[in-house]
Colleague: 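Attaching a single structure in structure tokens format; questions to follow.
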Protein chains: 2
Amino acid sequence: MHKEHTLTKNQQIIFDLIDKSTEPLKAYSILFNVQKKGIKAPLQVYRALDKLVEIGKIHKIESRNAFIACHNSSCQVAKATAFSICEICEKVTEISSAGLSKYLANFKDKDGMKYSKYNLEFFGLCKKCR
Amino acid sequence: MHKEHTLTKNQQIIFDLIDKSTEPLKAYSILFNVQKKGIKAPLQVYRALDKLVEIGKIHKIESRNAFIACHNSSCQVAKATAFSICEICEKVTEISSAGLSKYLANFKDKDGMKYSKYNLEFFGLCKKCR
DNA sequence: TATATTAATGTTATATTATTACACAGTGTT
DNA sequence: AACACTGTGTAATAATATAACATTAATATA
Ligand SMILES: [Zn+2]
Ligand SMILES: [Zn+2]
Ligand SMILES: [Zn+2]
Ligand SMILES: [Zn+2]
């Protein structure tokens, strides 16, 4: 059983925005959208994003510098994420595959090292763009 | 048999720098280091980097905004990369595992979609930092 | 050879993404 | 009270990346 994180005001505002978005959001687009709620500076956004990533409520899509809400409860503990990204429409989907996560968590490099933390981004065309 | 890419002057200068580096290099660090060779502007660096990534001579470490030379000949065709990253000393190693690349190339998402292009970054502690 | 085409370059300016530094407020502990 | 810890507000700046435009080099092909 893991600790529930009560979000602070800024964290909640920013999480709500990301969570209801159908696409990954960029930091300055978030900033623009929450200015009417009193969040005025980049740092306020980045601080909330950092915390939300840390507690697993959102993930950063590294190749896009954008943030998406987690819809996979197991991610909240393991920082092991996988996404598919459409190279045409930029649709991003979190992949939740027990087989994949098991394979990667058990993967050993040539030194025999295992990694519980990873980020995998698949690129291709989504159903619609195919 | 695939086409050999003859690098242009700027591409060669920048590739040489990255190739002989023991760590991933950032664009502006590259710029600083090649200014004595006549490359003066960020765009000249980014253009060369883009091309070098495109032809598979280097890879971008997305989570670090840094570039590393490829030492895995098969990457030159397939844009399917995997790295381990030490969270303490930031050492980055390209993973060259037939098993891993086979598993990922054959992975099907829940729509049955396969992806020949992916980027995987494992995080942990390297041998030295363990 | 001439000429069209493509790829690469040079330069300036600007856009986008992210962090540093400092002051302060709330909360819980000793 | 004194302290540690977390979050907030604000301004300034650093770091990363691209747009726009003019020019030159390399390549193809007529
Ligand atoms: Zn998740
Ligand atoms: Zn698509
Ligand atoms: Zn490679
Ligand atoms: Zn290390």
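Worth knowing before you read on, the calculation uses all heavy atoms, side chains too, and leaves out hydrogens, waters and symmetry mates. So that the names make sense, note that chain A is the first sequence line, chain B the second, and so on, each numbered from 1.
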Colleague: Would you list the pairs meeting side-chain hydrogen bond (donor to acceptor under 3.5 Å, both in side chains) in which at least one residue belongs to residues 31-41 of chain A, sequence neighbours left out?
Modeller: none
Colleague: Roughly what angle, to 10°, lies between the helix axis at the start of the helix from C:dT1-D:dA30 to C:dT30-D:dA1 and the one at its end, five pairs per end?
Modeller: 30°
Colleague: For B:I39 and C:dT11, give me the distance from atom CD1 to atom C1', rounded to whole Å.
Modeller: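 In whole Å, C:dT11 C1' lies 14 Å from B:I39 CD1.
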Colleague: What is the first contacted nucleotide of DNA chain D and what is the last, in 5' to 3' order, if contact means an atom lying under 4.0 angstrom from a heavy atom of chain A?
Modeller: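 Endpoints of the contacted stretch of DNA chain D: D:dG7 to D:dA11.
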Colleague: Before accepting this row, confirm whether a basic side-chain N of the pair B:K117/A:E87 lies closer than 4.0 Å to the acidic partner's carboxylate O.
Modeller: yes
Colleague: Hey, does A:I39 have a side-chain heavy atom less than 4.5 Å from the side chain of A:I14?
Modeller: yes
Colleague: Can you name the residues that form a salt bridge (Lys or Arg N to Asp or Glu O under 4.0 Å) with B:K51, not counting sequence neighbours?
Modeller: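 Checked B:K51 against salt bridge (Lys or Arg N to Asp or Glu O under 4.0 Å); matches are B:E54.
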Colleague: If we only count heavy atoms from C-beta on, is the A:V92 to A:E23 side-chain gap below 4.5 Å?
Modeller: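 The answer is no; the side chains never approach within 4.5 Å.
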Colleague: How would you list, by chain and number, every residue that makes a ring-ring contact (aromatic ring centres under 6.0 Å, His included) with B:F15, sequence neighbours excluded?
Modeller: none
Colleague: Considering only residues two or more places apart or on different chains, which pairs with a residue in residues 93-110 of chain B satisfy salt bridge (Lys or Arg N to Asp or Glu O under 4.0 Å)?
Modeller: none
Colleague: According to side chain to side chain contact (heavy atoms under 4.5 Å, CB included), who are the partners of B:K9, at least two apart in sequence or on a separate chain?
Modeller: B:I13
Colleague: Sequence neighbours excluded, which residues qualify as side chain to side chain contact (heavy atoms under 4.5 Å, CB included) partners of A:K91?
Modeller: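 Testing A:K91 for side chain to side chain contact (heavy atoms under 4.5 Å, CB included), a comparison that skips the adjacent residues, returns A:C86, A:C89, A:T93, A:C126.
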Colleague: A:N10 CG to C:dA25 P: how many Å, rounded?
Modeller: 17 Å
Colleague: Could you tell me how far apart B:K51 (NZ) and C:dT6 (P) are, to the nearest whole angstrom?
Modeller: 14 Å
Colleague: Using OP1 and OP2 only, check whether a side-chain N or O of B:T8 sits under 4.0 Å from C:dT9.
Modeller: yes
Colleague: Between A:N119 and A:E62, is there a side-chain heavy-atom distance shorter than 4.5 Å?
Modeller: yes
Colleague: List, by chain and number, the other hydrophobic cluster members for A:L125, where Ile, Leu, Val, Met, Phe, Trp and Tyr join if side-chain heavy atoms come within less than 4.5 Å, directly or indirectly.
Modeller: A:I88
Colleague: Checking one residue: A:L120. Which other hydrophobic residues are in its cluster under the side-chain 4.5 Å linking rule?
Modeller: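 Answer for A:L120: A:I95, A:L100, A:Y103, A:L104, A:F107, A:M113, A:Y115, A:Y118, A:F122, B:I95, B:L100, B:Y103, B:L104, B:F107, B:M113, B:Y115, B:Y118, B:L120, B:F122.
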Colleague: Considering only nitrogen or oxygen atoms on both sides, find all protein atoms under 3.5 Å from nucleotides 14-22 of chain C and state each distance.
Modeller:
| unit_1 | atom_1 | unit_2 | atom_2 | d |
| --- | --- | --- | --- | --- |
| C:dT17 | OP1 | A:K26 | NZ | 2.4 |
| C:dA18 | OP1 | A:K60 | NZ | 2.7 |
| C:dA18 | OP1 | A:N65 | OD1 | 3.4 |
| C:dA18 | OP2 | A:Y46 | OH | 3.1 |
| C:dA18 | N7 | A:Y28 | OH | 2.7 |
| C:dA18 | N6 | A:Y28 | OH | 3.0 |

Colleague: If you measure only the distance, is there a donor-acceptor pair under 3.5 Å linking the side chains of B:E121 and B:S63?
Modeller: yes
Colleague: Near DNA chain D, which residues from residues 12-20 of chain B have a heavy atom under 4.0 Å away?
Modeller: none
